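First the structure, in the form of structure tokens, and then the observations on it.
Model, not experiment: these values are computed from the prediction. Residues: numbered from 1 along the sequence shown.
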Amino acid sequence: MVLIVACTPRMKKYEYIEICVENGEREVAEPVIIEAASDSEAVLRAYESFFISKKVQYVLGINLKDTSLVPSKIIDFKLYGKTSSQNLKDLDFEGKEKRLESLYKEIVTPEEEKYRKIKLQKAERIERGKEALKKLKKTYDDVSNITWYENKYYTHYTNTNRASLYMGVQDNNVWLRLRMSYEGENWIFFEKAYLSYDGNTHEIRFNEYRDKKTENEGGRVWEWLDVQVDEELANFLNNMVTGKSVKMRLSGKYTETRNLSKNEIKGFTDVLRAYNLMK
């Protein structure tokens, strides 16, 4: 009887090294060992790893809505045999181009198309946002390099009974700030602030020493706060501007409650529209 033993190709080891750009600097990753029976197989495996890294990059970009926020971008790779200093990445062999095209379509293309769609949608939102900004009053601070946008219906002086929303833009960052103020003959010494609509109430969290200010003159007093808007409050405001009865309340030793005027609500609406398109 003759025993036939199948021969298994001897696996060779290769070093796969990714190259990326991180924080504007070109960096080379630590080598990763790839095992393959031949140089051509090693090249295909290296490209597969490279395409997977590109896929991950696009997935991060999709989740973050912008690949510029991805801290590391894979741009290239090198592949070396254990006994060779030649970069095998560009090694030519039969069927290479077709196989690489197939791998790219399978691994990268689906995520790449999703990201391109998000980029297009973002570009369209920005264009609509520019139109929305035209409805707002613009002020540029050349010291801090911040552009401020507020409503055109009224100027919110701190010695008035008002509530308003305004937006800051710096580079790619967009944020909202809320201002609420009281003016009268007597102090209310407010420690809490609220906005409400149709029975739904949201407490405005603020730091008494950082966000609240007071002043007085000529027998009149005024107290106000100016706070940055978080996501939870922004969501509340988006619903609030559609309410039928919108109120603000400042409460402490005494309490002052008032209905927001039509112009105040229109001001909130216009700033929110621009913010939702620009963020």
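- At a cut-off of 3.5 Å, with distance as the only test, no side-chain donor of Y58 or N63 sits close to an acceptor on the other residue.
- Aromatic pair F50/Y16: ring centres not closer than 6.0 Å.
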Quick one, E183 with Y157, criterion side chain to side chain donor-acceptor pair (under 3.5 Å). Give me CA distance, side-chain angles, the key distance, then yes/no. CA-CA 10 Å; E183 186 274 342; Y157 297 108; over 6 Å; no
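- More than 12 heavy atoms of other shown residues, nucleotides or ligands fall within 6.0 angstrom of atom NZ in K213.
- Side chains of H156 and S181: a donor on one and an acceptor on the other come within 3.5 Å.
- Donor-acceptor pairing under 3.5 Å is recorded for the side chains of E18 and S53.
- A cation-pi arrangement is absent between K137 and Y149, since the terminal nitrogen or guanidinium carbon is not both under 6.0 Å from the aromatic centre and inside a 45° cone about the axis.
- Side chains of E264 and Y153: a donor-acceptor N/O pair is absent below 3.5 angstrom, by distance only.
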### Query
Step by step, would you call K244 with D198 a salt bridge (Lys or Arg N to Asp or Glu O under 4.0 Å)?
CA-CA 6 Å; K244 294 179 179 179; D198 305 339; over 6 Å; no
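- A donor-acceptor pair is defined here as one N or O able to donate and one able to accept, closer than 3.5 Å; no such pair exists between the side chain of N235 and the backbone of N238.
- A donor-acceptor pair under 3.5 Å links the side-chain atoms of K212 to the main chain of F190, judged by distance alone.
- Between R205 and E232, at least one side-chain nitrogen of the basic residue sits less than 4.0 Å from a carboxylate oxygen of the acidic one, meeting the salt-bridge criterion.
- Between the side chains of N239 and N200, no donor-acceptor pair of N or O atoms lies under 3.5 Å.
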Determine, step by step, whether R116 and E113 satisfy the salt bridge (Lys or Arg N to Asp or Glu O under 4.0 Å) criterion, reporting the C-alpha distance in whole Å, the side-chain angles of both residues, the deciding distance to 0.1 Å, and the verdict. CA-CA 5 Å; R116 283 176 181 168; E113 291 301 319; 3.1 Å; yes
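- For K135, the salt bridge (charged side-chain N to carboxylate O under 4.0 Å, His left out) test picks out D270, with sequence neighbours left out.
- Grouping the Ile, Leu, Val, Met, Phe, Trp and Tyr side chains by contacts below 4.5 angstrom, directly or via other members, places V221 with M180.
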